Engineer: 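Can you keep this structure in mind? I'll have questions shortly.
Note: hydrogens, waters and symmetry copies are ignored here, and every other heavy atom, side chains too, is used. Ligands are counted one by one from 1 in listed order, and the atoms in each one are counted from 1 as well. From a predicted model like this one, the values you see are computed outputs, not experimental measurements.
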Amino acid sequence: MFNKLLIANRGEIALRIMRACKELGIQTVAAHSTADADAMHVRLADESVCIGPPPARDSYLKIAEILAACEITGADAVHPGYGFLSENARFSEILDAHNITFVGPTANHISIMGDKITAKQTAERLGIPVVPGSKGAIKNIIDAKKVAAEIGYPVLVKAASGGGGRGMKVAMTEADLPEAVSTAKAEAKAAFGDDALYLEKYLITPRHIEIQVFGDGKGNAIHLGERDCSLQRRHQKVWEEALSPTLNEDERQKIGKICADAIAELSYSGAGTVEFLYENGEFYFIEMNTRLQVEHPVTEAVTGIDLVHEQLRIASGGSLSVSQEEMKFTGHAIECRINAEHPATFTPSPGKILQYHPPGGFGVRVDSGVYQGYSIPPFYDSLIGKLIVHGRNRTDCMMRLRRALDEFVIDGVETTIPLFHDLLGERDIQDGNYDIHWLENYLDQTKS
Ligand code: MV4
């Protein structure tokens with residue numbers, strides 16, 4: 001195992017990673033910006049190094065500063081968390097060249113999955129079902145029209161370097177296609193410096209279901225079931241659950257095995273998430289994430305496996321702690337993202353937390369880096385923390401969630417807690433009857 005690990009992240013995930021390190025007896029270094037000097041994880045770290053001013057591009061994204069912080073402190077590993085440099089192949093490669101372990105997959109695997117076209121081609125080659133669409137990049141509008149005519153309208157034009165919904169355009173008919181292609185191309189060029197596009201059949205009312213996988217880098221892999229992340233607003237997830245209220249055990253084991261076999265074939269190392277759209281009983285691969293995800297705790301709740309321990313074991317050359325046969329799913333878990341935002345308009349609400357009383361009790365977990373008196377800086381995302389509730393079944397979980405939300409006191413900033421109270425009162429939410437558009441439709445109807 002590592003001696004000393006540098007955490008190249010902030011907020012709740014920095015603390016989450018630090019907790020795993022403490023449990024495993026690994027010394028920790030917090031690499032932080034000036035805006036985070038008073039953050040909880042910086043106070044709790046064995047050592048801390050300031051790596052720059054508040055803007056992420058001048059601190060959390062500065063590879064040279066992070067590398068220097070490793071050399072100064074003698075860290076032998078770096079955990080990138082999520083966001084920032086977590087899916088940056090060059091970062092992984094540079095650390096490798098300095099004999100510092102990047103807790104994540106190889107630069108090659110990050111690159112393959114970072115390009116959505118090569119990711120999809122790789123998935124298809126490995127037997128993962130994909131959305132019908134162009135073989136690779138579309139060459140021109142004539143090519144695009146030909147592919148669209150074959151798969152049928154509506155179609156979705158996507159950027160190869162996209163993800164998170166950027167550079168995506170729908171064409172309902174052939175008449176819409178030239179404009180969809182030209183605007184997607186311009187947006188992709190401006191946002192990513194890469195204007196490669198591909199085409200897919202546009203699925204109208206799918207759910208977003210993602211499979212958690214782990215590989216040991218030596219050709220062994222397992223799946224840890226799925227998460228349903230359909231409830232989102234503007235590509236920001238709001239509520240996630242494990243397992244999905246819509247899958248049966250057969251479907252789960254079938255898609256899980258397909259993903260684990262693919263990951264094994266790649267000799268993939270570490271945590272990964274295979275993202276699907278799910279519609280009419282069919283799975284359609286869209287992307288793969290090569291990092292630990294925000295919503296990983298719902299998987300931890302239903303599997304009993306600490307995903308960060310697992311990442312650290314594998315990154316240090318160890319093997320998976322559990323076999324597929326040993327994997328059991330217990331009960332149901334829901335995560336609510338508590339943001340410092342107005343609950344109806346979602347405008348950010350940074351500032352000082354005057355009162356802070358997180359809920360507790362059986363089946364309740366709060367992952368947060370904040371404390372009473374802490375000032376949420378305005379420079380980063382507005383996540384205050386995550387409330388994760390576990391119950392014996394989905395109904396039990398939702399009853400416990402209502403109780404936990406009632407206990408949660410955060411004063412001084414606006415939060416999204418009232419939204420979750422409202423959602424628990426909705427019949428569709430109670431029934432697990434929602435798709436990727438449900439939340440935005442609900443907000444349009446109730447909040448305007
Ligand atoms: C799609 C789709 C419908 N059909 N692809 C949005 C972000 C990116 N990760 C993929 N996205 C979508 N791809 C096809 N062929 C609809 C979406 C989409 C979406 C996906 C997951 C969760 C929320 C979403 C909200 C709007 C659109």
Engineer: Y202 heavy atoms, cut-off 4.0 Å: which ligand 1 atoms fall inside?
Structural biologist: 3 (C), 4 (N)
Engineer: Is E179 paired with K169 through a side-chain N to carboxylate O contact shorter than 4.0 Å?
Structural biologist: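 No.
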Engineer: Closer than 4.0 Å to some heavy atom of K201 - which atoms of ligand 1 meet that?
Structural biologist: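 Listed by number with element: 4 (N), 14 (C), 15 (N).
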Engineer: For atom 21 (C) of ligand 1, grab the closest protein heavy atom and report residue, atom and distance to one decimal in Å.
Structural biologist: H208 ND1, 3.2 Å
Engineer: Can you tell me if NZ on K218 sees more than 12 non-hydrogen neighbours from other groups inside 6.0 Å?
Structural biologist: yes
Engineer: Please report which non-hydrogen protein atom sits nearest to atom 13 (N) of ligand 1, along with the residue it belongs to and the distance in Å to one decimal place.
Structural biologist: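 The closest one turns out to be K158 NZ, 3.1 Å.
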Engineer: How far is atom 4 (N) of ligand 1 from its nearest protein heavy atom, and which residue and atom is that?
Structural biologist: L203 N, 3.0 Å
Engineer: Apply salt bridge (charged side-chain N to carboxylate O under 4.0 Å, His left out) to R365 and list each qualifying residue two or more places apart in sequence or on a separate chain.
Structural biologist: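 Counting only residues at least two positions away or on another chain, R365 forms a salt bridge (charged side-chain N to carboxylate O under 4.0 Å, His left out) with E300, D367.
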Engineer: Nearest to atom 18 (C) of ligand 1, what protein heavy atom do you find, and at what distance?
Structural biologist: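 Result: I436 CD1, 3.5 Å.
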Engineer: Which atoms of ligand 1 have any heavy atom of Q232 under 4.0 Å away?
Structural biologist: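 Under 4.0 Å from Q232, ligand 1 has these atoms: 23 (C), 24 (C), 25 (C).
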Engineer: According to the interplanar angle, ranging from 0 to 90°, do the rings of H109 and Y268 count as parallel (below 30°), tilted (30 to 60°) or perpendicular (above 60°)?
Structural biologist: tilted
Engineer: Take a 6.0 Å sphere around CZ of R392 and say whether it holds more than 12 heavy atoms from other residues, nucleotides or ligands.
Structural biologist: no
Engineer: Please report the shortest heavy-atom distance between T246 and E251, naming the atom on each side.
Structural biologist: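 Minimum heavy-atom contact is O-OE1, 4.0 Å.
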Engineer: Does at least one non-hydrogen atom of E440 fall below 4.0 angstrom from an atom of ligand 1?
Structural biologist: no
Engineer: Within the 4.0 Å heavy-atom shell around V131, which atoms of ligand 1 are there?
Structural biologist: 15 (N)
Engineer: To which protein heavy atom is atom 7 (C) of ligand 1 closest, and what is the distance rounded to 0.1 Å?
Structural biologist: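 It is G165 N, 3.4 Å.
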Engineer: Do the charged groups of E295 and K237 touch, with an N to O distance under 4.0 Å?
Structural biologist: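 Yes, charged N to carboxylate O under 4.0 Å.
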Engineer: Got more than 12 heavy atoms from elsewhere within 6.0 Å of CD, E265?
Structural biologist: no
Engineer: Should we count CZ of R252 as having more than 12 external heavy atoms under 6.0 Å?
Structural biologist: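 Yes, enclosed.
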Engineer: Please report which non-hydrogen protein atom sits nearest to atom 2 (C) of ligand 1, along with the residue it belongs to and the distance in Å to one decimal place.
Structural biologist: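 Checking every protein heavy atom, the shortest distance to atom 2 (C) of ligand 1 gives L277 CD1, 3.5 Å.
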Engineer: Can you figure out which of H437, E287, M168, R166 has its heavy atom closest to atom 11 (N) of ligand 1?
Structural biologist: M168
Engineer: Taking only heavy atoms of L156, which atoms of ligand 1 are found under 4.0 Å from at least one of them?
Structural biologist: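 Here the atoms of ligand 1 in question are 1 (C), 2 (C), 3 (C), 4 (N), 5 (N), 13 (N), 14 (C).
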Engineer: Output the list of atoms in ligand 1 that are nearer than 4.0 Å to some heavy atom of E200, sorted by atom number.
Structural biologist: 5 (N), 14 (C), 15 (N)
Engineer: Please check if the side chain of H296 supplies one atom and the backbone of Q293 the other of a donor-acceptor pair under 3.5 Å.
Structural biologist: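 Yes, H296 side chain to Q293 backbone: donor-acceptor pair under 3.5 Å.
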Engineer: May I ask you to identify the nearest protein heavy atom to atom 6 (C) of ligand 1, giving residue, atom name and distance to one decimal place in Å?
Structural biologist: H235 CE1, 3.4 Å
